[in-house]
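All ligand and atom numbering here is 1-based and tracks the order in the structure.
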Amino acid sequence: MMDYEVIGKPSAQYEGLTPNLSDYESAREGFDWYRDAFPELDWLPGGGLNNAYEAIDRHVHHGYGDKSAMIWAGKNGEEETYTYAEMKELSDRFGSVMNGLGIQRGDRVFIFMDRLPELYVAALGVLKAGGVIGPLFSAFGPDPVLDRMQDAGARFLITTPELRNKIESILSKVETLEKVIVVNKGGRYREPLAKGDLDYYELMSVASSEGFQIAGTGQYDYSIMHYTSGSTGKPKGVLHRHQAVVQQYMTGKWCLDLNFDDVYFCTADPGWVTGTSYGMMAPWTNGVTNVIYEGGFGANAYYDVIDRYKVTVWYTAPTAIRLLMRAGAGPVASHDLSSLRFIASVGEPLNPEAVVWGNEHYKMPIHDNWWQTETGAIMCSNYASMEVRAGSMGRPIPGVEMAVLDEDYNPKPAGEAGILALRPGWPSMMHAYWGQDEMYSSRFRKGWYITGDQASLDEDGYFWFQGRADDVINTAGHLVGPFEVESALIEHPAVAEAGVIGKPDPIAMEVVKAFVTLNPDYEWSTALRRELMQFSRQKLAAGVAPREIDVVDVMPKTRSGKIMRRLLKARELGLPEGDTSTLEDD
Ligand code: AMP
């Protein structure tokens, strides 16, 4: 932990620009979220708070309607630009569509879409109409979509024709679902829409933004739910409130160093929390131009986006950075990346080599940040003005108290690893796991929110990530609950039991590995392994489905029948299995 490289501020692009949060100590002192954020943010004209208003309308009211809010780069080379005024008009219009469909305050509206401009317009429109958005990762197969929509009691779904076809089999099982709105972008899909579905463009063409009023949401109204995985049970719906925007705005400024003239590129998908908190809310509340790239990862593709749109601030993930390192210096040299002045990452530990590599090749450090779906916004950061300690996740932002605790939930001294915890009360803190109050309460102990991570703290207040305290797998920055994968596998007739672990991987940090026992009459073979891989990929998603599957004769279990994943992992890694009697009743 103490063996690290310190990287200063080599970026020439900083010259003449004072990084945000340049006086960390005095910013922390007596910090007050509302007092300090609100000279710049606005309450709704009627006194409430709505995060879509903060992100978009506020800038139009302040005279910046003509500024570019979103540049969309489509996967087929399309390009569309939207000003803040256009985003306001379109999202008002979609809000009006939702009002026409009878949306009620707090209704859950799921969005299952690729990164199209209509996704962002629809999300903002639903928020303005008082609904709660539930964005879903478009790579999901039918099972994760069904689990989430059923659990949340989704009333509306917004999707594309192709994705609708993918989940056709589950739609009738979501009993609360009333309407499916379909976006056939650019007529990409040639068949007529399914009977009963509503055409997004038709709805928009007859709706009007004229006279549309933002629902009078308050800071405590729910705005968004993202599902996250735990080590037991299916993923839980994490609920955030409109007030999360206060922290998303401040961290956009402090940790991503967003200034009004920035052109910003966040590679995260809105199906995950980074893609909404930092793909929508932080950039737009800070009034920057947000570049949305529809395509997937590619070294040349990412560098093209930066080069073409003269991106100044880039937010990405460690797995992407490791892939960029693998792609090497060639693609860096063949692009003009001189517009870049700040790079940040989140979601997994950013290895020190990556920070050092970034410093060499991009001529600036990559700034690691730590946070979770539950925290709603960055909590700990290598913020713009600080020296980066390669391998550390930085220091807590103003307004956040973070600690390392022992097993009795008392703070530990610097240098010792323990439970990473936060003092509740920050604005973007989750307010509930949907319908799971007991699970929610279990995350709080002795006045602390328990993150589920292990970390240590050094003498200077820098935090160092050590690992997860549970069985949750972090693959390419996405959390995967082993239970969800196990449940999918045992639906195959050949599988009797399944145990799922995270296996270390040099690029994705961990990959999902499954062990199965077979039902009588089935024999293990390469063909069966392939079939199980395909089966789980169809049900889940490529990133969530196991990358490796092996058979075991006996599944190790506790006396109460729980699968001992830790033992499976120890065996896989050739580590000592330890005293298994202590694991027995885990
Ligand atoms: P999610 O809720 O999907 O955003 O995942 C949150 C989890 O990802 C955290 O609890 C950590 O285990 C991991 N994580 C997020 N950011 C970092 C980071 N900077 N360093 C190490 N792990 C991280």
message: With rounding to the nearest 0.5 angstrom, report the NZ to CZ distance, Lys234 to Phe483.
response: 6.5 Å
message: So if I count the atoms of ligand 1 from 1 in the order they appear, which ones are less than 4.0 Å from some heavy atom of Asn474?
response: 8 (O), 13 (C)
message: Does the Lys NZ or Arg CZ of Lys446 fall within the cation-pi geometry relative to Tyr409 - under 6.0 Å from the ring centre and within 45° of the axis?
response: no
- prompt: Can you list the atoms of ligand 1 that are under 4.0 Å from a heavy atom of Thr373?
  reply: 1 (P), 2 (O), 3 (O), 4 (O)
message: Below 3.5 Å, N or O to N or O, backbone or side chain included: is there any such pair between Thr451 and ligand 1?
response: no
query: Would you call Asp458 and Arg389 a salt bridge, taking side-chain N to carboxylate O under 4.0 Å as the test?
result: yes
message: I'd like to know if Glu572 and Arg565 make a salt bridge, using a cut-off of under 4.0 Å between side-chain N and carboxylate O.
response: no
field: Non-hydrogen atom of Trp371 closer than 4.0 Å to ligand 1
entry: yes
field: Between Thr267 and Thr316: side-chain donor-acceptor atoms closer than 3.5 Å
entry: yes
message: If we only consider heavy atoms of Gly452, is any one of them less than 4.0 Å away from an atom in ligand 1?
response: no
Ligand 1 versus Phe465: contacting region, heavy-atom distance under 4.0 Å: side chain
statement: Paired with Asp143, the salt bridge (charged side-chain N to carboxylate O under 4.0 Å, His left out) test is passed by just one of Lys539, Arg537, Arg148, namely Lys539
field: Top protein contact for atom 18 (C) of ligand 1, by heavy-atom distance
entry: Glu348 O, 3.4 Å
- request: Could you check atom 3 (O) of ligand 1 against the protein and tell me its nearest heavy-atom contact, residue, atom and distance included?
  value: Leu479 CG, 3.4 Å
- request: Identify, for atom 19 (N) of ligand 1, the protein heavy atom at the shortest distance, and state residue, atom and that distance.
  value: Asn369 O, 2.6 Å
query: To which protein heavy atom is atom 11 (C) of ligand 1 closest, and what is the distance rounded to 0.1 Å?
result: Asp453 OD2, 2.9 Å
- prompt: Heavy atoms only: which of Glu374, His367, Arg468 is nearest to atom 7 (C) of ligand 1?
  reply: Arg468
- prompt: Arg547 and Val512: side-chain contact (heavy atoms from CB on, under 4.5 Å), yes or no, with the steps?
  reply: CA-CA 6 Å; Arg547 180 91 68 86; Val512 177; 5.7 Å; no
cation_pi(Arg423, Trp448) dist<6.0 Å, angle<=45: yes
- request: Around atom 21 (C) of ligand 1, find the nearest protein heavy atom and jot down its residue, atom name and distance.
  value: Pro349 N, 3.2 Å
statement: In ligand 1, the atoms that come under 4.0 Å of a heavy atom of Gly347 are 8 (O), 13 (C), 14 (N), 15 (C), 16 (N), 17 (C), 23 (C)
- prompt: When rounded to the nearest 0.5 angstrom, what distance separates CD1 in Ile158 from CZ in Phe110?
  reply: 11.5 Å
